[in-house]
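Note that the structure is a prediction, hence the values are computed from the model and not measured.
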Amino acid sequence: MAIATASGSTALWFAMRATGVTALVLLTLTVVLGVAGVRRLSSLRIPRFVLDGLHRNAALLAVSFLAVHIVTAVIDSYVTIRIVDVFVPFTGTYRPLWLGLGAVSLDLLAAVMVTSLLRKRLGYRTWRATHWLAYAAWPTALVHSLGTGSDAGTGWMT
């Protein structure tokens, strides 16, 4: 029974799975809240500033869970995933296509995150143009999870 004896690599594997799924769910929520903000979907019950705050906090949580997902993937000894494989797409030896898509998604999200942190210095136009990369990052992350995720075929993940 794997759960009862979860130690070492097994514990890292469970942590990597859980944080990857959580990051994907939070990224989905972030995209939905971002679209709602762009479409000005606010009501008397949910003012725009609340929607913006939820979007920002969901994005921060997604990045946090993504960081833990990446760290656990790199330090897990079951397969070799190097730091360079995390940032440079399609360079790894383990499932290069699927992990490469994860690296592409990470790179796109990093651009969105950095420009969001520098939004006031960059100006609205540059920030907005870069922020569109989030619409490419989400499906790329989804395909990454479907291709390499061990839970991709389970009912709860679907």
Side-chain angles (χ1 to χ4, degrees), residues 3 6 9-43 45-76 78-79 81-89 95 98-122 124 126-158:
I3 295 174
S9 187
T10 305
L12 288 172
W13 183 71
F14 279 115
M16 180 178 48
R17 288 171 55 205
T19 55
V21 169
T22 305
L24 183 62
V25 168
L26 287 167
L27 184 57
T28 303
L29 178 64
T30 301
V31 171
V32 167
L33 290 169
V35 169
V38 168
R39 295 284 178 202
R40 307 280 192 250
L41 298 179
S42 60
S43 67
R45 290 184 178 188
I46 305 173
R48 173 138 176 141
F49 74 91
V50 172
L51 198 60
D52 290 344
L54 286 171
H55 171 73
R56 192 174 310 110
N57 288 325
L60 287 171
L61 272 175
V63 168
S64 300
F65 276 94
L66 180 60
V68 175
H69 174 66
I70 291 166
V71 168
T72 54
V74 170
I75 64 175
D76 187 5
Y78 183 70
V79 295
I81 299 174
R82 304 168 303 162
I83 279 290
V84 70
D85 302 335
V86 171
F87 297 103
V88 181
R95 298 182 179 176
W98 304 116
L99 289 179
L101 290 172
V104 168
S105 182
L106 174 66
D107 294 344
L108 293 171
L109 287 174
V112 171
M113 185 178 68
V114 168
T115 55
S116 291
L117 293 171
L118 299 173
R119 183 178 177 177
K120 291 183 181 179
R121 294 177 189 239
L122 293 174
Y124 179 77
T126 303
W127 168 81
R128 181 143 170 106
T130 308
H131 218 71
W132 277 91
L133 294 175
Y135 293 113
W138 180 81
T140 307
L142 179 65
V143 172
H144 159 76
S145 68
L146 294 175
T148 197
S150 56
D151 296 316
T154 61
W156 67 269
M157 181 64 179
T158 306

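The closest side-chain heavy-atom distance from V143 to W98 is below 4.5 Å. Annotation: side chain of L109 is not in contact with side chain of V63 (no heavy-atom distance under 4.5 Å). The shortest distance between side-chain heavy atoms of S145 and V21 does not fall below 4.5 Å. At least one side-chain heavy atom of V74 sits less than 4.5 Å from a side-chain heavy atom of V86. Side-chain contact between N57 and L61: absent, with no pair of heavy atoms (C-beta onward) separated by less than 4.5 Å. Using a 4.5 Å heavy-atom threshold, the side chains of W127 and K120 count as separate. In this structure, the side chains of V25 and L29 stay at 4.5 Å or more apart for every pair of heavy atoms.
Of all heavy-atom pairs between F65 and T19, the closest is O-CB, 3.6 Å. Closest non-hydrogen pair, V112 versus A134, comes out as CG2-N, 3.7 Å. In this structure, A15 and T72 approach most closely via the heavy-atom pair CB-CG2, 4.1 Å. Minimum interatomic distance between L33 and A58 (heavy atoms only, all atoms of both residues): CD1-CB, 4.3 Å. Here the shortest heavy-atom pairing between A111 and T130 reads O-CG2, 3.7 Å. The minimum heavy-atom distance linking P89 with G100 is given by the pair CB-O, 3.7 Å.
Remark: the backbone N or O of S105 is not paired with any side-chain donor or acceptor of T140 at under 3.5 angstrom. In this structure a side-chain-to-backbone donor-acceptor pair under 3.5 Å is present from H69 to M16.
Here the straight-line distance linking atom CG of D76 with atom CG of L12 works out to 5.0 Å at 0.5 Å rounding. Atoms CD1 and CZ, from I81 and R95 in turn, are 9.5 Å apart once rounded to the nearest 0.5 Å. Atom CG of L106 sits about 8.0 Å away from atom CE of M113, to the nearest 0.5 Å. A distance of 11.5 Å separates CG in L66 from OG1 in T22, rounded to the nearest 0.5 Å.
No salt bridge links D52 with R56; every basic N to acidic carboxylate O contact stays at or beyond 4.0 Å.
With sequence neighbours excluded, the residues satisfying salt bridge (Lys or Arg N to Asp or Glu O under 4.0 Å) with D85 are R82.
Surrounding OH of Y78 are at most 12 heavy atoms belonging to other residues, nucleotides or ligands under 6.0 Å away.
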